[in-house]
Amino acid sequence: MCDFIRLSKNFYSALFCGSVVLALAGCGTQEPPRSVQPPVGGLTATLEDTVRDLPGDRIAWATYWTLCWSPYPGARAYQIQTVTGEGASAKLRQQRDTCLRIEAAKGENARTDGLVNRDLLLQLQTGQLAYKVRAVLDDTTVSEWSASAAVGQTAP
């Protein structure tokens, strides 16, 4: 009985180790996708304000920044890369739509004060956050990255 347990333990240890070796063998072997010209183009950025009434003659407001781009021929999806003062993020967001919408500023204050510090908050975002876009054509091919678009700025 002890020999069976020892054999079973060795078998499962070998099986586990072999699985780990096989799993690790596949790590890091995938080559980066090939990029093709031209980059994603036709970038436009807009700002949209929303205001909601609150009790006591107050408002809650938010400003949304929307980045849109022209559809890329043959694209099955788009990857969006966040760019900050520290550099470009390695984590990419993937989507099928040709627009990205994010909340860029918000506040809550007296209605008579309007959108308090909206412009200042947008200027702070502009200096800290931007996005780039590329098209995903297939499993091995992507377009070049678009130019960076700063959050809070509008562009034609």
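As the structure is a prediction and not an experimental result, all values here were calculated from the model.
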- request: Start with the C-alpha gap between Val136 and Tyr78, add the side-chain angles, then the distance that decides, and say whether side chain to side chain contact (heavy atoms under 4.5 Å, CB included) holds.
  value: CA-CA 5 Å; Val136 177; Tyr78 297 92; over 6 Å; no

Beyond-backbone contact of [X] with [Y], side-chain heavy atoms, under 4.5 angstrom:
X     : Y      : value
Thr50 : Tyr64  : yes
Leu43 : Leu67  : yes
Arg58 : Arg111 : no
Pro39 : Trp69  : no

Check for me, please, whether [X] and [Y] land in the same ILVMFWY cluster - side-chain distances under 4.5 Å, paths through other members count.
X     : Y      : answer
Leu47 : Trp61  : no
Trp65 : Ile80  : yes
Val36 : Val40  : yes
Leu92 : Leu137 : no

Practice task
Apply side chain to side chain contact (heavy atoms under 4.5 Å, CB included) to Arg52 and Ile59, showing your working.
Solution key: CA-CA 6 Å; Arg52 183 172 46 93; Ile59 59 170; over 6 Å; no

From [X] [atom1] over to [Y] [atom2], what is the distance, rounded to the nearest 0.5 angstrom?
X      : Y     : atom1 : atom2 : result
Thr141 : Arg34 : OG1   : CZ    : 4.0 Å
Asp138 : Arg76 : CG    : CZ    : 6.5 Å
Thr112 : Asp57 : OG1   : CG    : 6.5 Å

- Pairs in or reaching into residues 90-104: which pass side-chain hydrogen bond (donor to acceptor under 3.5 Å, both in side chains), with residues at least two apart or in two chains?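 Pairs touching residues 90-104 that pass the test: Glu48-Arg101, Gln79-Gln94.
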
- Task: Please report the closest heavy-atom contact between Arg134 and Glu144, naming both atoms and the distance.
- Result: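 Looks like CB-O, 3.7 Å.
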
Looking only at heavy atoms, the pair that brings Leu54 and Ala60 closest together is CD1-N, 3.6 Å

Listing, residues 114-122 side-chain donor-acceptor contacts under 3.5 Å, not counting sequence neighbours, or none:
residue : atom : partner : partner atom : Å
Arg118  : NE   : Asp49   : OD1          : 2.9
Arg118  : NE   : Asp49   : OD2          : 3.3
Arg118  : NE   : Thr63   : OG1          : 3.3

Taking only distance into account, with no hydrogens and no angle test, what donor-acceptor pairs under 3.5 Å do side-chain atoms of residues 145-156 form with protein atoms, sequence neighbours excluded?
residue : atom : partner : partner atom : Å
Ser146  : OG   : Val133  : N            : 2.9
Ser146  : OG   : Val133  : O            : 3.4

So, the side chain of Tyr72 versus the backbone of Pro38: is there a donor-acceptor pair under 3.5 Å, distance only? yes

